[in-house]
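Below is one structure, written out as structure tokens; comments come after it.
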Amino acid sequence: MLSRSSLLWSGALLLGLWAQQAWAADDFQHHGYEEMVRALFSVQSQCPYITRIYSIGRSVEGRHLYVLEFSDNPGIHEALEPEFKYVGNMHGNEVLGRELLIYLCKFLCEEYIAGNQRITSLIHNTRIHILPSMNPDGYEVAARQGPEFNGYLVGRGNSRDVDLNRNFPDLNGLMYYYEKNNGKNHHLPLPDKWELQVEPETLAVIKWMQNYNFVLSANLHGGAVVANYPFDKSREARIRGKPTYSATPDDKIFKKLAKVYSFAHSWMHKGWNCGDYFEEGITNGANWYSLSKGMQDFNYLYTNCFEITLELSCDKFPPASALAREWLANREALVSYLEQVHHGIKGMVYDENNNPVSNAEISVAGVSHDITTGADGDYFRLLLPGTYTVTASAPGYQPSTSTVTVGPAEAIQVRINILHSLQHTHSHTQSQKKNRLNIGRVHLF
């Protein structure tokens, strides 16, 4: 893992310093499933030492859900290196996100080869996972109609016509109950037999979340132009027919993340798009309209990951002639948003013997949402600039509290040591004595 120096090129894209050569018109075409797979494998072939392709599962009709990973050590989680993901085409007929993520894969590879230091720094210090299509079956249904004739709902769901963004286990109700009863505020339990209640594509994504300690994510949609942040599900019924704002404990961070994308986008931040107005190009999901069982709320309530939903085009299936303009409008935003994974605090949690402690809870005073350490004992907590009181705790250990000041640049690294509690230590010592006594008895015989 190389040291980051992103400040030197933080404005590179806006100044037109990309090394990217002009792409031909043929580069901006819609990709069916086979074309998408070929495009991903072409990038992997072009950049074999910084990429890896893997499948997280299959769709109902058996199509692979392929992910292209970018890292200086593909396939390996490096301690203190955050995991990031982009998910596209969750709704099969909302296709711009799918195309943008294919272009992003190609772009990252080409810029790395060209020696672009901003992109090189990102790839050397971030493990980036890109899933261009979560719903390849729905895409094929929509693509058969094509851009000119595609209906608003044709191909939206998977091949069983299930809306995948209404298919995740509903944890919001449990969270809202816990808020009133001082219950758990993170990593909420899944319902019994949840695997039987979700579609194969949803199951694959949830297993993916379980296997990777994602820190930041965005899922790309279409039909509007706005950056939408949690919660999507309202805590209360509509008041006088109007939806109600449903804030997470990290509301200020989510607003900032949404604004990063909106203001880096060519026109999202202007507010007026598709006949709707969203101030600064962002919205709280529930304040727009309430939905249950959505993916972005599930990320926040079940994992360490903060996710927003990016609505990127008025036309859900834009013509190929519009793709080049859309790519240029979103290119800087896609990179800038990705860079946000490097803000806040990060570090390792160790015990008194310098053994990393996995699944330790990291809490921030005044923010009722904790995160946990990964398998290697590392943690990543997105925070705005400010001074915070941070506590690490784990069963059998004494909590350890630190005061941390976060700046506007890259994440502050904070190592935390937690000691075994006296009761745990006494029990462990008694167990060791008993084991030694048993061993002695064995020798006596």
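Note that the numbering runs from 1 along the sequence shown for the chain.
- Exactly one of Ser234, Ser246, Pro243 qualifies for a side-chain contact (heavy atoms from CB on, under 4.5 Å) with Ser290. That residue is Ser234.
- Here Glu199 does not pair with Arg58 in a salt bridge; the nearest charged N to carboxylate O distance is not below 4.0 Å.
- Residues Trp267 and His269 place their aromatic rings such that the two centres sit no closer than 6.0 Å.
- Rounding to the nearest 0.5 angstrom, the gap separating the OG atom in Ser363 from the CG atom in Asp370 is 5.0 Å.
- Judged by distance alone, the side chains of His129 and Glu83 do bring a donor and an acceptor atom under 3.5 Å apart.
- Other residues, nucleotides and ligands contribute over 12 non-hydrogen atoms within 6.0 Å of the CG atom of Asn181.
- Residues Glu307 and Asn219 bring a donor and an acceptor atom of their side chains to less than 3.5 Å of each other.
- Residue-environment remark: NZ (Lys270) stays at or below the threshold of 12 foreign heavy atoms within 6.0 Å.
- Here the side chains of Tyr33 and Ser133 are not in contact, with every heavy-atom distance at 4.5 Å or above.
- Two residues are said to be in side-chain contact when any heavy atoms from C-beta on lie closer than 4.5 Å; Glu339 and Leu122 meet this criterion.
- The CD1 atom of Ile130 sits 12.5 Å away from the NZ atom of Lys85 when rounded to the nearest 0.5 Å.
- Not a single ring-ring contact (aromatic ring centres under 6.0 Å, His included) links Trp194 to another residue, sequence neighbours left out.
- Environment of NZ in Lys252: sparse, with no more than 12 heavy atoms of neighbouring residues, nucleotides or ligands closer than 6.0 Å.
- Under the 4.5 Å side-chain criterion, counting only non-hydrogen atoms from C-beta, Phe298 is in contact with Leu190.
- By the 4.5 Å heavy-atom criterion applied to side chains, His369 and Arg381 are counted as neighbours.
- Between Tyr86 and Phe84, the distance from one ring center to the other falls under 6.0 angstrom.
- Salt bridge Lys316/Glu94: present, at least one basic N to carboxylate O contact under 4.0 Å.
- Here the closest non-hydrogen pair linking Leu338 and Thr126 is CD2-CG2, 4.1 Å.
- Note that CD1 of Ile416 is 8.5 Å distant from OG1 of Thr401, once rounded to the nearest 0.5 Å.
- Under a 3.5 Å cut-off, the side chain of His343 and the backbone N or O of Leu384 do not form any donor-acceptor pair.
- One finds the CG atom of Leu323 at 11.0 Å from the CG atom of Leu328 (value rounded to the nearest 0.5 Å).
- At a threshold of 4.5 Å between non-hydrogen side-chain atoms, the residues Met295 and Val205 count as touching.
- Annotation: Phe70 is not in aromatic contact with His124 [ring centroid separation under 6.0 Å not met].
- For Lys293, the side-chain contact (heavy atoms from CB on, under 4.5 Å) partners at least two apart in sequence or on another chain are Asp170.
- Considering only residues two or more places apart in sequence or on other chains, Pro200 meets the side-chain contact (heavy atoms from CB on, under 4.5 Å) condition with Val60, Arg160.
- By the 4.5 Å heavy-atom criterion applied to side chains, Met175 and Asp297 are not counted as neighbours.
- Taking the side chain as every heavy atom from C-beta outward, Ser71 and Glu78 approach each other to under 4.5 Å.
- The side chain to side chain donor-acceptor pair (under 3.5 Å) analysis of residues 271-287, with sequence neighbours excluded, yields the pairs Lys259-Glu280.
- Here the two rings, on Tyr302 and His186, have centers that are 6.0 Å apart or farther.
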Set out, in order, the CA-CA distance, both residues' side-chain angles and the distance that settles side chain to side chain donor-acceptor pair (under 3.5 Å) for Ser59 and Asp137, then state yes or no. CA-CA 7 Å; Ser59 66; Asp137 295 353; 2.8 Å; yes
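- Partners of Ser313 according to the side-chain contact (heavy atoms from CB on, under 4.5 Å) rule, which considers only residues two or more places apart in sequence or in another chain, are Leu96, Glu326.
- Not counting sequence neighbours, the partners of Thr373 by the side-chain contact (heavy atoms from CB on, under 4.5 Å) test are Val349, Ala360, Ile362, Tyr379.
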For Arg156 and Asp163, run salt bridge (Lys or Arg N to Asp or Glu O under 4.0 Å): C-alpha distance rounded to whole Å, both residues' side-chain angles, the deciding distance at 0.1 Å, then the answer. CA-CA 7 Å; Arg156 176 183 175 90; Asp163 186 334; 3.1 Å; yes
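- Using a 4.0 Å cut-off between charged nitrogen and carboxylate oxygen, Glu111 and Arg118 do not count as a salt-bridge pair.
- Contact of the Leu131 side chain with the Trp208 side chain is registered, since non-hydrogen atoms from C-beta on lie closer than 4.5 Å.
- Atom CD1 of Ile308 is separated from atom CD of Gln296 by 8.0 Å, given to the nearest 0.5 angstrom.
- Two rings, from Tyr229 and Phe306, have their centers 6.0 Å or more apart.
- Here the side chain of Asp315 pairs no donor or acceptor atom with the backbone of Gly223 at under 3.5 angstrom.
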